[in-house]
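Note sheet for the following structure.
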Amino acid sequence: FEHLFIRKTCLMDTGLYSSTGSTDAQQKLASFWSTVNDEINNVQDFKTQELPLARIKKIMKMDEEVKMISAEAPVLFAKAAEIFINELSLRAWIILKTTKRRTLQRNDIAMAVAKYDQFDFLIDIVPRDELKPQKTTGK
């Protein structure tokens with residue numbers, strides 16, 4: 001999952017994500033789910049994923065109750081994980097935009113988890129000591 005965060009940060013640094021301020025990031029967030037929905041509806045090849053399907057299948061088999069896994073299950077989990085990582089990255093990027101930094105850090109992710117209710121299930125996983133006060137740019 002870390003490589004998707006790195007990829008997302010590289011996209012942000014190359015200008016594919018605008019650096020004009022948090023308003024652009026807010027617009028991307030507002031259109032996030034409609035864009036995801038369009039991408040899902042237009043998928044041609046379900047076997048090509050950002051995350052390795054073998055690794056996902058291995059993680060699924062770690063549960064002792066799982067005996068067999070259909071071919072579609074890892075593909076769906078991979079897509080769900082990709083969407084989750086993209087949204088969390090975007091929300092962390094919005095928090096990053098309030099600082100003078102250009103690199104997404106663990107603290108930005110921890111702040112996104114703390115700020116947005118849909119990530120409440122991660123509160124016990126993301127350490128609270130990661131939360132540091134942010135210096136704002138005044139934008």
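Just so it is clear, the model here is predicted, and its values are computed rather than measured.
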Item checked: Minimum heavy-atom distance between I69 and P74, given as atom pair plus value -> CG2-CD, 3.7 Å
Margin query: Measuring from atom NZ of K28 to atom CG of N86, what distance do you get when rounded to the nearest 0.5 angstrom?
Written below: 12.0 Å
Next item on the list: Indicate yes or no: at least one non-hydrogen side-chain atom of D108 is less than 4.5 angstrom from one of T103.
Entry: no
Check: For the side chain of N41 and the backbone of N37, is there at least one donor-acceptor N/O pair under 3.5 Å apart?
Finding: yes
Item checked: Reported CD1-to-CE distance for the pair I56 and M60, which is rounded to 0.5 angstrom -> 8.5 Å
Item checked: For the student: nearest non-hydrogen atoms of A78 and L53, plus distance -> CB-CD2, 3.7 Å
Next item on the list: Look only at the side chain of S31 and the backbone of Q27, and say whether a donor-acceptor pair between them is shorter than 3.5 Å.
Entry: yes
Note to self: Quick one, T99 with L96, criterion side chain to side chain contact (heavy atoms under 4.5 Å, CB included). Give me CA distance, side-chain angles, the key distance, then yes/no.
What the structure shows: CA-CA 6 Å; T99 69; L96 172 73; 3.6 Å; yes
Margin query: Among residues at least two apart in sequence or on other chains, which ones pass side chain to side chain contact (heavy atoms under 4.5 Å, CB included) with S70?
Written below: E72, A73
Check: If every non-hydrogen atom of I123 is compared with every non-hydrogen atom of A114, which pair is closest and at what distance?
Finding: CD1-CA, 4.3 Å
Note to self: Among residues at least two apart in sequence or on other chains, which ones pass side chain to side chain contact (heavy atoms under 4.5 Å, CB included) with L76?
What the structure shows: none
Margin query: Does the plane of the ring in F84 sit parallel, tilted or perpendicular to the ring in F119? Use 30° and 60° as the thresholds.
Written below: perpendicular
Note to self: Rounded at 0.5 Å granularity, tell me how far CG in L51 sits from CD in E82.
What the structure shows: 6.5 Å
Margin query: Suppose the criterion is side chain to side chain donor-acceptor pair (under 3.5 Å): which pairs have a residue in residues 57-66, not counting sequence neighbours?
Written below: none
Check: If you look at every heavy atom in S89 and L104, which pair is closest and at what distance?
Finding: O-CD2, 4.4 Å
Item checked: Where at least one partner belongs to residues 115-124, residue pairs that pass side chain to side chain donor-acceptor pair (under 3.5 Å), sequence neighbours excluded -> E87-Q118
Item checked: Rounded distance (nearest 0.5 Å) linking atom CD1 of I95 with atom CD of Q105 -> 12.5 Å
Checklist line | Worked check of side chain to side chain contact (heavy atoms under 4.5 Å, CB included) between I83 and I40 | finding: CA-CA 10 Å; I83 293 168; I40 290 172; 3.9 Å; yes
